[in-house]
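Beneath this line is the structure, given in structure tokens, with notes to follow.
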2 protein chains.
Amino acid sequence: MLQQETHSPRSSEETRLRIFAAARQLIAKKGRRGTTTREIAELAGVNEATLFRHFGNKDALIDACVLHYCPAVDLQAFLPNRDGNIEEDLRAIAHFMTERMESLRDLILATFVEEEQWSAAGDAAWRAPAMIKQILTDYMAARVQRGELEGDPVLMARLFMGTIFAYVVGRKRMHYPDYTLDQIIDFNINVFLNGVRKKN
Amino acid sequence: MLQQETHSPRSSEETRLRIFAAARQLIAKKGRRGTTTREIAELAGVNEATLFRHFGNKDALIDACVLHYCPAVDLQAFLPNRDGNIEEDLRAIAHFMTERMESLRDLILATFVEEEQWSAAGDAAWRAPAMIKQILTDYMAARVQRGELEGDPVLMARLFMGTIFAYVVGRKRMHYPDYTLDQIIDFNINVFLNGVRKKN
DNA sequence: CAACAGTGCAAGTAAGTACTTGCACTCGCG
DNA sequence: CGCGAGTGCAAGTACTTACTTGCACTGTTG
């Protein structure tokens, strides 16, 4: 009796991806609590019941979504050549970090307004930044030991990451339409390097 | 028939303040949407109906709350002595900004997950930072003109604010228990100043 | 004293939300 | 072909939430 010619079934995996994409979009805009399963289903072009058949409940869905978009960092791709020129290294690191944080900005911001019980996904979103922080600290320490920089490597790494964090996150509210990303990164790196380079 | 000896009536203003305090606390923890009027009333020690008698609806309540905690900046107290020592000026500015942003951190973070229709309160929370940005830019420009610093004042102000923003906001996820606020601020200012000070 | 503004309390309403269920359909695979 | 996994659809349940209402009470103010 029921004709259903319009909808062709999709693979299970494709459905998951569509749900993830929709969920992420809504989480970024309204936060975890403000996002409804009905909206996710609608935006994903999927029936609401399918959400629950896949993930069981809303919390598990969103956890899976965040984990899906926040995989572990590719450390190999991130590690700079430790023998290279500092300025070039930092520039490469800054661009890598900026791109990566930019692509996760919405999820990272959403973790700021999460309740404690949701910290599983929140921790996942911050895993990558935490690892990068460590790598950066090691890098700074090596350069200090070589006598190229001077100061506390922990604070140096913190400051360097902070400038990028502020750029990415702050851009949502503070707009600088007259400057390009490269201009800002270059300026920040120059000031930073002038500030921490060892004087002769 | 009903005895009501336990509750002594409070002034209308005191009730408002109690509601604001409770609302702010909950907004910080759960976000705007995650906060229920029932919770606010309970935490404020006030009947839920009183909330609506005061503010009409939940949105108006929260808008009023954010506006109440985000008054215009006291520019006079913020303006540094333009003839003073740069390092001392920046230290004073940094401490002022840090304290101020720290006290508003929860509300500022909440604005990141707001929907567009709620931007009224969101704009209010960002009014102060925007004004400070402008003051800072002017300050940097003046010092550049005097030949004490070199570089683009806009980017300098942006970088300086960014370090503080990153400290305050990032502290929610990135912990540095081994360092005091003063240590970090001093380090950041030193690097910044070394980086932008005019070389002879 | 008398009016009144502000509040507490209890009950209720309408809408939204997470989640379930039973059934029909369809595609791919053995 | 036939079966099963994955899905759409429609209806429904139990719960939460914003918001209302009528009434009793109390401190303040004229």
Side-chain angles (χ1 to χ4, degrees), chain A residues 1-23 25-27 29-66 113-115 117-118 121, chain B residues 1-23 25-27 29-66 113-115 117-118 121:
Chain A
M1 193 71 66
L2 293 174
Q3 69 282 8
Q4 197 158 341
E5 69 291 328
T6 50
H7 294 280
S8 61
R10 290 177 283 262
S11 81
S12 176
E13 188 54 25
E14 187 196 338
T15 302
R16 275 175 64 94
L17 295 180
R18 294 170 63 93
I19 293 173
F20 283 157
Q25 212 171 315
L26 291 167
I27 292 170
K29 210 201 304 183
K30 315 182 164 199
R32 187 161 181 154
R33 240 191 154 111
T35 299
T36 73
T37 53
R38 198 128 48 203
E39 284 172 314
I40 297 174
E42 202 170 329
L43 187 58
V46 159
N47 194 273
E48 194 183 352
T50 300
L51 265 54
F52 295 98
R53 287 195 267 246
H54 267 269
F55 302 99
N57 58 55
K58 180 185 166 182
D59 263 12
L61 190 169
I62 295 186
D63 277 340
C65 173
V66 175
V113 196
E114 278 185 342
E115 289 171 85
Q117 73 226 38
W118 293 339
Chain B
M1 192 70 67
L2 293 174
Q3 68 281 9
Q4 198 158 340
E5 69 291 329
T6 51
H7 293 281
S8 60
R10 291 177 283 262
S11 80
S12 176
E13 189 54 24
E14 187 196 338
T15 301
R16 275 176 64 95
L17 295 180
R18 294 169 63 92
I19 293 172
F20 283 157
Q25 211 171 315
L26 291 166
I27 293 170
K29 209 200 305 185
K30 315 182 162 199
R32 186 161 181 153
R33 248 190 146 111
T35 298
T36 73
T37 54
R38 202 135 35 208
E39 285 172 314
I40 297 175
E42 203 170 330
L43 188 57
V46 160
N47 195 273
E48 195 183 352
T50 301
L51 265 54
F52 295 98
R53 286 195 267 247
H54 266 270
F55 302 99
N57 59 54
K58 179 185 166 183
D59 264 11
L61 190 170
I62 295 186
D63 277 339
C65 174
V66 175
V113 195
E114 280 185 341
E115 289 171 86
Q117 73 225 37
W118 293 341

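All chains are named by letter (A, B, ...) in the order of the sequence lines, taking the proteins before the strands, and each is independently numbered beginning at 1.
Within the 3.5 Å criterion, the main-chain N or O of B:Ala41 finds no donor-acceptor partner in the side chain of B:Arg18. Judged by distance alone, with hydrogens and angles left aside, the side-chain atoms of B:Thr35 form a donor-acceptor pair with the main-chain N or O of B:Gly31 at under 3.5 Å. In terms of modelled atom types and a separation under 3.5 Å, the side chain of B:Arg33 and the main chain of A:Arg33 share no donor-acceptor contact.
For A:Ser12 and D:dA5, the shortest distance from a side-chain N or O to OP1 or OP2 is not below 4.0 Å. When the side-chain nitrogen and oxygen atoms of A:Thr50 are compared with OP1 and OP2 of D:dG8, one or more of them lie within a distance under 4.0 Å. OP1 or OP2 of D:dT7 lies within a sub-4.0 Å distance of a side-chain N or O belonging to A:His54. For D:dG6, neither phosphate oxygen OP1 nor OP2 lies less than 4.0 angstrom from any side-chain nitrogen or oxygen of A:Thr15.
Among the nucleotides D:dC19, C:dC23, C:dC9, the one closest to any side-chain atom of A:Arg53 is C:dC23. When the nucleotides C:dC9, D:dA18, C:dC19 are ranked by their closest atom to the side chain of A:Asn57, C:dC19 comes out on top.
For the side-chain hydrogen bond (donor to acceptor under 3.5 Å, both in side chains) test, residues two or more places apart in sequence or in another chain that qualify with B:Glu39 are B:Lys30, B:Thr36.
Note: CZ (A:Phe52) to P (D:dG6) measures 18 Å, nearest angstrom. A:Arg32 places its CZ atom 14 Å from the C1' atom of C:dA18, with the value rounded to the nearest Å. Nucleotide C:dA18 holds its P atom 14 Å from the CD1 atom of A:Ile19, rounded to whole Å. Atom pair A:Arg18:CZ and D:dT7:P shows a separation of 11 Å (rounding to whole Å applied). To the nearest angstrom, C1' of C:dT7 lies 14 Å from CZ of B:Phe55. For the pair A:Glu13 CD and D:dA5 C1', the computed distance is 15 Å after rounding to whole Å. Computed from coordinates, the B:Asn47 CG to D:dC19 C1' distance equals 12 Å when rounded to whole Å. The CD-P distance, from B:Glu14 to C:dT7, rounds to 10 Å in whole Å.
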What are the atom names and distances for every N/O pair under 3.5 Å that joins the protein to nucleotides 12-17 of chain C?
none

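A:Thr37 pairs with exactly one of A:Glu48, A:Lys58, A:Glu42 by the side chain to side chain donor-acceptor pair (under 3.5 Å) rule, that one being A:Glu48.
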